[in-house]
Amino acid sequence: MATIFSRIVAGEIPCHKVAEDEEFFAFLDINPVAKGHTLVIPKKEIDYLFDLDDALLGRMMAFAKRVAHAQEAAIPCKRVGVAVMGLEVPHAHIHLIPITKESDMYFGGEKLTISQEELASIAALIKKAYK
């Protein structure tokens with residue numbers, strides 16, 4: 001059975017996509033810890049990030065780097081933080097989170113509530129800045 005992320009890539013479940021290439025897909029997290037919180041995934045369904053072969057992992061990080069630069073251009077922040085947890089969805093993914101302080105990456109607290117309209121606007125800003 002396909003993961004929810006594979007279903008998002010296939011277009012079966014809507015998302016706020018910010019970037020895509022042949023191998024990778026980036027979209028806004030629907031339960032963000034910060035404005036612009038983005039997930040980067042390989043299109044190939046692999047459960048654990050560190051099970052990706054070295055070459056694929058390297059290309060994924062290069063893709064994530066381009067997404068992070070777009071986030072920095074679109075969302076006021078000091079940096080884009082990176083987190084790998086991967087316990088909720090059995091599909092490798094990287095969290096890219098615009099931050100101004102380390103506590104902005106706290107996953108244990110209340111998530112932001114952002115309207116679909118604002119998510120669409122944020123996604124459009126990041127997508128426009130993506131190169």
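Here the structure is a predicted model, which is why all the values come from computation and not from measurement.
- Rounding to the nearest 0.5 Å gives a distance of 4.5 Å between CG of Leu28 and OG1 of Thr38.
- Among residues at least two apart or in separate chains, there is no salt bridge (Lys or Arg N to Asp or Glu O under 4.0 Å) pair with a member in residues 121-131.
- Tracing side-chain contacts under 4.5 Å through hydrophobic residues (I, L, V, M, F, W, Y), one reaches Tyr130 starting from Met60; they form part of the same cluster.
- Looking at residues two or more places apart in sequence or on another chain, you find a side-chain contact (heavy atoms from CB on, under 4.5 Å) between Lys101 and Ser103, Asp104.
- Distance CZ/Phe25 to CZ/Phe5: 11.0 Å, rounded to 0.5 Å.
- Around CG of Leu112, the count of heavy atoms belonging to other residues, nucleotides or ligands within 6.0 Å exceeds 12.
- Applying the side chain to side chain contact (heavy atoms under 4.5 Å, CB included) test between Phe27 and each of Val67, Val40, Leu39 identifies Leu39 as the sole match.
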* Residues Leu49, Leu57; criterion side chain to side chain contact (heavy atoms under 4.5 Å, CB included); working and verdict -> CA-CA 8 Å; Leu49 183 74; Leu57 180 60; 3.9 Å; yes

Show me the donor-acceptor pairs, under 3.5 Å and distance only, between side chains in residues 80-91 and residues at least two apart or in other chains.
residue	atom	partner	partner atom	Å
His91	ND1	Thr3	OG1	2.8
His91	NE2	Pro42	O	2.8

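- Judged as a side-chain contact (heavy atoms from CB on, under 4.5 Å), and not counting sequence neighbours, the contacts of Glu12 are Arg7, Ala10.
- Side-chain heavy atoms closer than 4.5 Å link hydrophobic residues (I, L, V, M, F, W, Y) into clusters, and following such links, possibly through other members, connects Met61 to Tyr48.
- Between Glu20 and Lys43 a salt bridge is recorded (basic side-chain N to carboxylate O distance below 4.0 Å).
- Cluster annotation: Ile8 and Leu96 are assigned to distinct hydrophobic clusters (Ile/Leu/Val/Met/Phe/Trp/Tyr, side-chain heavy-atom contacts under 4.5 Å, transitive).
- Within the structure, side chain to side chain donor-acceptor pair (under 3.5 Å) contacts touching residues 52-65 (residues at least two apart or in different chains) are Glu23-Arg59.
- Applying the salt bridge (Lys or Arg N to Asp or Glu O under 4.0 Å) rule to Lys78 yields no partners; only residues at least two apart in sequence or on another chain are considered.
- Residues satisfying the side-chain contact (heavy atoms from CB on, under 4.5 Å) test with Val33, not counting sequence neighbours, are His37, Ile97, Phe107, Lys111.
- Placement of Phe24 and Ile41 in two distinct hydrophobic clusters is found when ILVMFWY residues are connected by side-chain heavy-atom separations under 4.5 Å, directly or transitively.
- Hydrophobic cluster membership for Leu125: none, as no Ile, Leu, Val, Met, Phe, Trp or Tyr side chain comes under 4.5 Å of it.
- Taking a 6.0 Å sphere around CD1 of Ile30, one finds it holds 12 or fewer heavy atoms contributed by other residues, nucleotides or ligands.
- The side-chain contact (heavy atoms from CB on, under 4.5 Å) check on Ile46 picks up Lys44, Asp51, Leu52, Leu56, with sequence neighbours excluded.
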Check: Is there a side chain to side chain contact (heavy atoms under 4.5 Å, CB included) between Gln71 and Val18 once you walk through the steps?
Finding: CA-CA 9 Å; Gln71 288 172 290; Val18 300; over 6 Å; no

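- Shown here are the salt bridge (Lys or Arg N to Asp or Glu O under 4.0 Å) partners of Glu118, two or more places apart in sequence or in another chain: Lys35.
- Residues satisfying the side-chain hydrogen bond (donor to acceptor under 3.5 Å, both in side chains) criterion with Gln116, sequence neighbours excluded, are His16.
- The shortest heavy-atom contact between Ile75 and Pro98 is CG2-CB, 3.8 Å.
- Contacts of Asp21 classified as salt bridge (Lys or Arg N to Asp or Glu O under 4.0 Å), with partners at least two apart in sequence or in another chain: Arg66.
- Rounded to the nearest 0.5 Å, atoms SG (Cys15) and CG (Asp29) are 11.5 Å apart.
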